[in-house]
Number of protein chains: 2
Amino acid sequence: MPGPGGARSPRYLTIAATLRDRILARELAPHDPLPSERELGEQFGVSRMTARQAITVLESEGHVCRRPPRGTFVAEPRVRFRIGSFTEEANRLGRRPRAELLWAAETEPDPDTRAALDLHDGATVHAFRRLRLMEDEPIAIETTYFAAAATPGILDKADEGSLWTLVTELYGTELHHSDAVLESIVLDEKSCALLHIRAGSPGIMLTRRTYDAAGACVEYARDVYRADRAAFEVTASLTS
Amino acid sequence: MPGPGGARSPRYLTIAATLRDRILARELAPHDPLPSERELGEQFGVSRMTARQAITVLESEGHVCRRPPRGTFVAEPRVRFRIGSFTEEANRLGRRPRAELLWAAETEPDPDTRAALDLHDGATVHAFRRLRLMEDEPIAIETTYFAAAATPGILDKADEGSLWTLVTELYGTELHHSDAVLESIVLDEKSCALLHIRAGSPGIMLTRRTYDAAGACVEYARDVYRADRAAFEVTASLTS
DNA sequence: CAGTGGTCTAGACCACTGG
DNA sequence: CAGTGGTCTAGACCACTGG
């Protein structure tokens, strides 16, 4: 209640702040349902559209999660990843990783992929798109490219596990280091459907390269993570 | 009117896609104004609120930038940072960095800061909050903490330049490496005002520690970057 | 079938800016 | 002062889910 004339900030931000405080105070715990948008409108004396705007703020902060048509729920905290293998990261965090193969194919590389893998004209790639899950909750969509010439027969063998393990075992490749560019994006409709989040949700995109001991790029990948579930730990040496 | 029954996706996403295509095709170049929300509503035969929803999608993608009450404009592409000194990164990218000191003070550390800097009870910190700009465009807000005992007299000397350079020159500290946690956030009202973006815009938060050659943490910082202007390059060794 | 969030309408008033 | 985006209202219909 802003009370006498003091209200400086919009009502939807005041409502969002009230609900955020309740969540941070654990009055509302993860998985608890929030009141419906119609109920919140009544409670705060605003229209449904204004209550909805408040919920949208909390959703983009990752504090709540809409699950139509069941309702809106308090979200779980984020998982902290390092740049590397999803499988290894999940294991490090004591979670159960899983992969669902969406598709695998030998294709022409797009220009970025060709440049990253240093392919000559006409060379093809083995491409995989996989949904990555932890405890059966979808977290990320990985799209991975290997030079086809370097990975014969891999298409039939990619399954639910780690592609890195597979590449190491099949071809004796020693993976040495990775680099990545991280940026904040808005996920497209298809990705949101796969990740079980609403259209237009925020994500973090990693454009990632993995190198062998000789410094050759052996993997080029684009991963999109749910922004509400993932954070990334990184390190940098400053001795230039 | 969806027309001949084929419309699968909501109108606001269709409108956003149309405008996004024009931007990517450079039909609309950076700094060009978009039609106003009222005009777009007329052009696409929808209400202003629906046109507005389309613009909001493009805004959170970083494709456009609202500047009330002047209008909505096509945004510039993002700047690619590495984890490290804002000043050095700007120089590496051929940009002109600048800092505006918002405040500097000796204060009690919060629990996270105390733990990071490994301070004993009662030890204080020197805290700085600075707005970081490139070519006079605000990009990030840095909040930096040093142990007060290790940085005598620094409060008066912090100016427009690099804090790292200052620490190195004043105390002979050798900065060796950094680590950081990156996550996607929604910026609060005050930060948005400082960064000249609208309330509720997305940001990337870095929680950052810098260590000396002996492995002691000498700096703890929380930086928030505009998600529409910044991307981060990171590397990781895989030889565990 | 009741209730949810998703989408959408057709208005309204506001603060603020530039000309 | 005209025009902008910011906020807000009081409704509407939809697809979808769980009981």
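In what follows, chains are A, B, ... by sequence order, proteins preceding strands, each numbered from 1.
Both distances falling under 3.5 Å, in either a Watson-Crick or a G-U wobble arrangement, place C:dG3 opposite D:dC16.
Salt bridge A:E219/A:R208: present, at least one basic N to carboxylate O contact under 4.0 Å. Between A:R22 and A:D32 there is no salt bridge, since no side-chain nitrogen of the basic residue lies less than 4.0 Å from a carboxylate oxygen of the acidic one. Under 4.0 Å is where a charged nitrogen must lie from a carboxylate oxygen, and between B:E89 and B:R132 no such pair does.
Distances shorter than 4.0 Å separate none of the side-chain N or O atoms of B:R67 from OP1 or OP2 on D:dG5. Between B:S36 and D:dG3 there is no side-chain polar atom (N or O) within less than 4.0 angstrom of OP1 or OP2. Listed pair A:R70 / C:dG5 fails the phosphate criterion, with no side-chain N or O lying under 4.0 Å from OP1 or OP2. Look at A:Y12 and you'll find a side-chain N or O under 4.0 angstrom from OP1 or OP2 of D:dT7. In this structure, A:R52 reaches the C:dG6 phosphate: one of its side-chain N or O atoms is under 4.0 Å from OP1 or OP2. OP1 or OP2 of C:dT9 lies within a sub-4.0 Å distance of a side-chain N or O belonging to B:T50.
Rounded to whole angstrom, the span from the CD atom of B:E37 across to the P atom of C:dG11 amounts to 17 Å. Between the CG atom of B:L40 and the P atom of D:dT4 there is a distance of 10 Å, given to the nearest Å. Spacing between atom CD1 of A:I55 and atom P of C:dG6 amounts to 10 Å, rounded to whole angstrom units. Across the protein-nucleic acid pair, A:F73 atom CZ and C:dG5 atom C1' stand 11 Å apart, rounded to whole Å. As a whole-Å value, the separation of B:H196 NE2 from C:dT17 P is 11 Å. At whole-Å resolution of the value, CD in A:E42 and P in D:dG11 are 12 Å apart. Remark: C1' of D:dA2 and CD of B:E39 are 13 Å apart, rounded to the nearest angstrom.
For A:R11, taking side-chain heavy atoms from C-beta onward, the closest of the listed nucleotides C:dC8, D:dG5, D:dC8 is D:dC8. Here C:dT9 is the nucleotide among C:dT9, D:dT7, D:dG5 with the atom lying nearest to any side-chain atom of B:V46. Comparing C:dT9, C:dT4, D:dG5 by their nearest atom to the side chain of B:S47 picks out C:dT9. Among C:dG11, C:dG5, D:dA10, the nucleotide with an atom closest to any side-chain atom of A:T72 is C:dG5. Picking from D:dG5, C:dG6, C:dC8 the nucleotide with the shortest atom distance to the side chain of B:P10 gives C:dC8. Taking the side chain of A:R48 as heavy atoms from C-beta on, and the options D:dA12, C:dC8, D:dC8, the nearest nucleotide is D:dA12. Between C:dT4, D:dT7, D:dA10, one nucleotide has an atom nearer to the side chain of A:M49 than all others, and that is D:dA10. With C:dT9, C:dG3, C:dC13 as the candidates, the nucleotide lying closest to the side chain of A:P69 is C:dG3. With D:dT7, D:dG6, C:dT7 as the choices, the nucleotide that has an atom nearest any side-chain atom of B:P68 turns out to be D:dG6.
Between B:Y225 and B:F86, the ring-plane angle classifies as tilted under the 30° and 60° cut-offs.
When each of B:R38 and B:Q53 is assigned the nucleotide of DNA chain C with its nearest heavy atom, B:Q53 is the one assigned upstream, toward the 5' end.
With rounding to the nearest 0.5 angstrom, the CG atom of A:L13 is 11.0 Å from the OG1 atom of A:T50.
Judged by distance alone, the side chains of A:T72 and A:R66 never bring a donor and an acceptor atom under 3.5 Å apart.
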